[in-house]
Amino acid sequence: MTTAHAHPNIALVKYWGKQEKPGNLPATPNLSISLAGLTTVTHVSDAPSDTFILNSKETSDPKLVRWLEALRGTFDVPPLQIDSGNDFPTSAGLASSASGFAALITAINAHCDLGLNQEMCSEWARVGSASAARSIFGGFVALVPPQWQAIPMAKRDHWPLEVVVAVTSNEPKSVNSGEGMERSRLTSPYYNAWVRDATTDFAAASEAIERRDFLSLAAVAELNCLKMHSIMLTSQPTLSYWTPASIACMDRVRSLREEGHDVFFTVDAGPQIKAVCLPASADAVASALSETPGVLEVIRSSLGEGARVVL
Ligand code: 2P0
């Protein structure tokens with residue numbers, strides 16, 4: 001048996017929309033930070049036939065089946081039992097597919113001696129779930145053309161940001177990200193503007209990270225997140241991932257900032273709020289969000305390392 005760990009990542013410049021060609025390629029450059037406080041643990045072992053266990057329950061997953069088929073088109077991979085567990089809500093906007101595919105290719109690579117380096121693992125992770133390409137690496141990670149393998153931008157100790165995740169629902173999302181982003185591409189009247197702005201947002205966020213300029217990063221990341229949700233909301237049928245508690249948390253983050261705290265929010269395809277802050281503000285942010293009506297729990301995290309095999 002081989003075991004791998006991976007962390008989910010949250011995008012500060014988002015991926016929402018694919019290119020119209022094979023390979024699961026994002027339409028726009030995107031970048032993320034890895035979350036040490038949330039972990040996927042995946043065990044891979046030989047089995048008579050493929051079996052998939054998610055959070056201790058045997059399940060079927062067409063996306064995983066297609067991905068294994070593609071992998072077996074290139075490598076000799078025997079039937080496997082894949083047993084994967086998350087210590088955080090699954091399929092609820094906390095990037096469980098990112099950490100899931102990153103942990104899985106890392107475990108299979110070691111278990112089956114595929115000989116992949118990190119870049120190649122990132123490419124295979126991307127085929128499963130594009131955001132998973134980023135979870136192969138730790139710290140600050142970009143997913144950019146022309147190769148669309150993730151690239152580490154900066155290590156986690158370059159800028160030890162903290163993240164407070166406010167969980168407002170444990171329910172799995174009703175529309176998965178792949179389906180949602182295709183709907184947005186086809187129907188949102190603002191999709192082209194979203195794609196056009198992404199390169200500028202990516203450049204501004206990259207520069208802010210390089211300079212550790214929190215105010216600049218906060219401005220570009222928060223606006224980029226709201227642009228993505230505008231695309232979601234103007235898709236037909238609409239994609240509305242927020243709960244009243246999500247909105248209350250965003251308002252609370254804005255008021256914390258007015259009180260002088262270094263914090264901004266970002267939200268993915270789900271109702272959870274991620275408040276990114278400097279360490280000096282983390283206690284105040286965690287306490288304010290845990291007291292916000294509708295918040296079920298807060299999870300605190302520093303920045304994490306990349307996917308890895310563990311003994
Ligand atoms: C991101 N999300 O950049 C964005 C923000 C969701 C909102 O990447 O179809 O699960 O498997 O490639 O990677 C979620 O998309 O989609 C995602 P697929 P994935 O983090």
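Bear in mind the structure is a predicted one, so any value in this text is a computation, not a measurement.
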Exercise. Take Thr3 and His43, measure what side chain to side chain donor-acceptor pair (under 3.5 Å) needs, and give me the verdict at the end.
Key: CA-CA 4 Å; Thr3 301; His43 309 286; 2.8 Å; yes
Quiz item: Which residue, Leu215, Thr200, Asp201, Asp213, forms the side-chain contact (heavy atoms from CB on, under 4.5 Å) with Val220?
Solution: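 Going through the options one by one, the only one that passes is Asp201.
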Quiz item: Trp159 vs Phe140 aromatic rings, parallel, tilted or perpendicular, using cut-offs 30° and 60°?
Solution: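 Ring orientation, 0 to 90° scale: parallel.
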Indicate the atoms forming the closest heavy-atom contact of [X] with [Y], along with that distance.
X      : Y      : result
Met181 : Trp16  : N-CZ2, 3.4 Å
Ala102 : Ala307 : O-CB, 3.9 Å
Thr187 : Gln236 : OG1-N, 2.9 Å
Gly115 : Asn109 : N-OD1, 3.3 Å
Pro26  : Asn30  : CB-ND2, 3.8 Å

Got [X] and [Y] here, is their nearest side-chain heavy-atom distance under 4.5 Å?
X      : Y      : result
Tyr241 : Val267 : no
Val253 : Met250 : no
Ile105 : Trp67  : yes
Leu25  : Arg126 : yes
Met153 : Ser206 : yes
Tyr191 : Leu186 : no
Ser32  : Ile10  : no
Phe88  : Thr40  : yes

Taking atom types as modelled and ignoring hydrogens, do the side chains of [X] and [Y] form a donor-acceptor contact shorter than 3.5 angstrom?
X      : Y      : answer
Lys14  : Thr266 : yes
Gln149 : Glu119 : no
Thr238 : Ser235 : no
Ser99  : Ser135 : no
Ser188 : Thr234 : yes

Quiz item: Of all residues at least two apart in sequence or in a different chain, which pass the salt bridge (Lys or Arg N to Asp or Glu O under 4.0 Å) check with Glu297?
Solution: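 Glu297 satisfies salt bridge (Lys or Arg N to Asp or Glu O under 4.0 Å) with no residue once adjacent residues are dropped.
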Quiz prompt | Test salt bridge (charged side-chain N to carboxylate O under 4.0 Å, His left out) applied to Arg252 and Glu291, Glu259, Glu258, the passing residue | solution =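 The salt bridge (charged side-chain N to carboxylate O under 4.0 Å, His left out) with Arg252 is passed solely by Glu259 among Glu291, Glu259, Glu258.
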Can you hop from [X] to [Y] via hydrophobic side chains spaced under 4.5 Å?
X     : Y      : result
Val13 : Val195 : no
Val77 : Phe52  : yes
Ile82 : Trp124 : yes
Ile53 : Phe101 : no
Leu38 : Leu12  : yes

Self-check item: Neighbour count above 12 (heavy atom, 6.0 Å) for Glu182 CD
Solution: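 It does: Glu182 CD has more than 12 such atoms within range.
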Within the side chain of [X], is there an N or O that forms a donor-acceptor pair under 3.5 Å with the backbone of [Y]?
X      : Y      : value
Thr51  : Ser49  : yes
Ser281 : Asp262 : yes
Asp46  : Pro78  : no
Thr168 : Pro271 : yes

Quiz prompt | From CZ (Arg308) to CD1 (Ile136), nearest 0.5 Å | solution =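 The CZ atom of Arg308 sits 11.5 Å away from the CD1 atom of Ile136.
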